[in-house]
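In what follows, every heavy atom counts, from backbone to side chain, and hydrogens, waters and symmetry copies are set aside. The structure displayed is predicted, hence computed values, not measured ones. Starting from 1, each residue takes its place in the sequence as its number.
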Amino acid sequence: MRKEIVTTFFLLAFMALSGQGQEAKSGTVGRISITTESPLNAQRKVTAYMKADCYEGPIGIKLRGNSSLSFNQKKYTIELRDNQGNEVEAPLAGMPAHTDWVLLAPYNDVSAVRDPLAFQLWRDMGHWAPRTQMVELAINGEYRGVYILSEAIKRGEQRVNISKLKKTDVEGRDITGGYILRIDTYDEDDATFPSKVPGIGEGIMTSQITWSCIYPKKKKLQPEQLAYIQEFVDSVELTIQSEHFTDPEWGYARYIDVPSFVDYFIHTELSLNADGYKRSAYFYKEKLHADGTGGKLVAGPVWDYNLAYGNCNFCNADNPEAWCFEGGNTQPTPALWQRLLQDPAFRKAVKVRYKELRKGVLSNEAINGYIDRHVKLLSPCIKRHFEKYPELLSNKEMQKPEQQQPSGVPNMGGFPNMGGFPGMGGFPNMGTFPGMGGFPNMGAFPGMGDMPDMGGFPGMGGFGQSDAISWFAAYRVSSYEEEIAVLKQWMVNRLSFLDRNIELFDSGWEPRIQTPRKDNTPQFNGAFPFPFPFMLMF
C-alpha cells in the first residue's frame, strides 16, 4: 500500500538572468517527499510518488552515479509520469516544464555550493546551464538531507535549444543538426564512437577517448545520422591537430564555435575540476543554416563540479597553480585543448575574454557574493544535513597527496587517497600510484549483479560509508564555516594564478606539449573487469 508523506514546503523565488536562466536569489529551501513502491537501483527506474512544487503525482526514479553509489547520500534521476506510466512535462520550483530532473547529492562537497556555483557562472557568462533549487529530501519518511534539484541536460526550447532531429532527417541540411554529444563513461544503451586522436595525460592506462551521442538517443538515432556526426567530430579533431589548424578559413574556426570554447576553457580552468574536459564534457551541434553558415560544434553545457574548486586529492586538483588541460592520472584528456592553446589567436581571445569577465562575473566580489547568498539560504537547514551525515565534518588532519609521495617520486596526480578499510584489519594509506594511470571510472560491477541501495558495502566494517568521504577529499573541516572559508581562500589563490598566467598569453606563453601516444589499450567504459575494491585483497 502506498504510504503518502505529507510535508509542507516553500519554494525559492527565481529571477531571470539575461534570458539564459534563473538562479535562486531569495526565499527558503524547498522540500520534496518521495514514496517508493520497490527498492531503488542504478539500472532502471522504479515507480514512486512525489510531492513537490507544481507537481504531485507518479514518477520514475533510479540511482545515478558511479563511485558515488557507495556514498551514504545517493543521487537520483527522476522522470515525471502520469497514472498510466507515460512521461509528462511539468514545471518544478519555478523552472520550465520538462519530464526529466535530477536530484544531486552534495555529499562529497561539504559546502553544497560547487555545482550551483559552476552552473551559475556558466549562465552569467551567457550560456544555458541547468537551473537549480536547493531542497531537503525525504524518501519513505526518512530524512535524506540537503539536495540540489536540477534540470537535466536535455534538448528543448528551455534547455539545450537545438533543432529536433527526426528519424527521416538522413540527408542534406536536415541531417546536420541537432546533436548533443558527451565525453564520459558509457554503456550499451549509448551510441558511441572512438576518437581518432589519442588523449593525453601522465601515466594514463589508455589514451583512447570515446564520444557518446546522447541526443538523439541510440534507439532513435539513425545509422546515417551516427555516421554523419562521427565524421563531423573526426573533422574537428583532425583539423585541430593538422598543420593548417590556425588557418582562419580552413582551420578549426570552420568547425567550432570559438567563443564557446574560449569560455569553456576559462570556466574549466577556474574550477580546476578533477574531471575537467575528460568527464561530463558536453557539446552540441545545431543544424546548418539555409545560407550555409552556422552548424558548428559548441562547447557546453557544464556539468558535475562537486570535485572542483580545490575539493579533490588527485589529478593535481587541489593545487591552485596546476593546469587542468594538461590532464592527470585517471582518464585521458582530449588533446584538442592543448593544441588550441598553441594558436596565438586563441590565447589572445582567452586573455581578452578573461579580463572582461574578471571585471564582473568572475570578480572576487561577485563570486564571494554568490557563495554568501548560498550560505545564508542554507543556514536554516544545514545543521540538519550534518546531523544526518556527521561523517562530513571531522577534526582529523589529512595530509596533502604530495606529502604522501615516496621520497623522490613526483606528484603525478594519480589515485585518490583511499585511507584504510576499517573492519578488515585496515589497509595502509596508499596515497598515489605514479605511473599506473589511476583508477578508471568504476561504474557497475559486472558479474556481481546489481548494486542495491545499501548505503555502502555491508560486512566490510564500514567501507564505502563513513570513510568514503576521504577517498577524494583534499582536506577535512570541522565546521561548515571553516569549509566556506577554505573555499573562498582557494578561489582567491586560483584567480591569482590565472591572473598572472593569462596576462602572458599574448606575449610568448606556450602550453606544455604532451605528444599523444598511440596504443591499442581498450578504454574502460565505466566498469572494472573485476570487482573493485575487492581487487585490492589479491
Side-chain angles (χ1 to χ4, degrees), residues 12 14-15 17 21-30 68 71 73 75 93 95 102-125 129-137 145-151 267-268 270-276 280 301-312 317-318 320 361-386 388-389 392-393 469 472-495:
L12 293 173
F14 283 85
M15 298 179 64
L17 290 172
Q22 299 169 325
E23 182 257 333
K25 290 292 186 181
S26 62
T28 59
V29 174
S68 62
F71 291 174
Q73 189 185 27
K75 302 177 183 179
M95 295 179 278
V102 177
L103 281 167
L104 298 173
Y107 185 74
N108 57 343
D109 171 19
V110 175
S111 75
V113 72
R114 285 174 168 86
D115 274 324
L117 172 62
F119 299 165
Q120 185 59 45
L121 292 179
W122 190 242
R123 284 195 296 270
D124 286 347
M125 291 167 74
R131 287 158 281 222
T132 61
Q133 154 85 11
M134 302 305 297
V135 300
E136 290 184 280
L137 176 67
V146 170
Y147 274 78
I148 304 162
L149 173 64
S150 172
E151 295 178 297
H267 187 280
T268 305
L270 170 61
S271 73
L272 196 63
N273 190 355
D275 291 335
S280 298
V302 299
W303 184 257
D304 197 4
Y305 282 76
N306 59 335
L307 292 180
Y309 306 112
N311 190 38
C312 187
D318 61 337
V361 175
L362 298 186
S363 68
N364 295 56
E365 295 76 15
I367 292 174
N368 284 339
Y370 179 87
I371 295 173
D372 289 341
R373 291 194 299 273
H374 198 84
V375 170
K376 183 178 180 180
L377 175 70
L378 292 180
S379 59
C381 60
I382 197 67
K383 182 179 179 180
R384 288 192 292 272
H385 181 73
F386 293 132
K388 174 66 178 178
Y389 305 109
L392 298 180
L393 300 179
I469 189 65
F472 309 117
Y475 59 88
R476 297 298 297 274
V477 296
S478 59
S479 70
Y480 188 60
E481 293 74 20
E482 183 184 357
E483 166 69 13
I484 297 303
V486 170
L487 173 59
K488 285 185 174 181
Q489 185 58 54
W490 190 92
M491 296 293 285
V492 169
N493 295 341
R494 184 59 177 169
L495 286 164

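- The CD1 atom of I367 lies 9.5 Å from the CG atom of L487; values are rounded to the nearest 0.5 Å.
- Contacts of S479 classified as side chain to side chain contact (heavy atoms under 4.5 Å, CB included), with partners at least two apart in sequence or in another chain: E481, E482.
- In terms of modelled atom types and a separation under 3.5 Å, the side chain of E151 and the main chain of R131 share a donor-acceptor contact.
- Contact between T132 and P116 at its shortest, heavy atoms only, is OG1-CB, 4.1 Å.
- Here the closest heavy-atom approach between residue D109 and residue S111 is recorded as OD1-OG, 2.6 Å.
- Between V361 and M125 the shortest heavy-atom distance is CG1-CG, 4.1 Å.
- In this structure, the side chain to side chain contact (heavy atoms under 4.5 Å, CB included) partners of V375, at least two apart in sequence or on a different chain, are I371, Y480, I484.
- Taking each heavy atom of P130 and R123 in turn, the nearest pair found is O-NH1, 2.6 Å.
- Shown here are the side chain to side chain contact (heavy atoms under 4.5 Å, CB included) partners of D372, two or more places apart in sequence or in another chain: K488.
- Remark: N368 pairs with no residue by the side chain to side chain donor-acceptor pair (under 3.5 Å) rule, at least two apart or across chains.
- Taking CG from N311 and OG from S271, the interatomic distance works out to 11.5 Å, rounded to the nearest 0.5 Å.
- Taking N108 as the reference, N306 meet the side chain to side chain donor-acceptor pair (under 3.5 Å) condition, with sequence neighbours excluded.
- Side-chain N or O atoms of H374 include none that pairs as donor or acceptor with a backbone N or O of R114 at under 3.5 Å.
- Residues passing the ring pair (Phe, Tyr, Trp, His ring centres under 6.0 Å) test with H267, sequence neighbours excluded: W122, Y305.
- The backbone N or O of Y309 sits nowhere less than 3.5 Å from a side-chain atom of R494 that would complete a donor-acceptor pair.
- One N or O on the side chain of Q73 and one on the backbone of V146 form a donor-acceptor pair closer than 3.5 Å.
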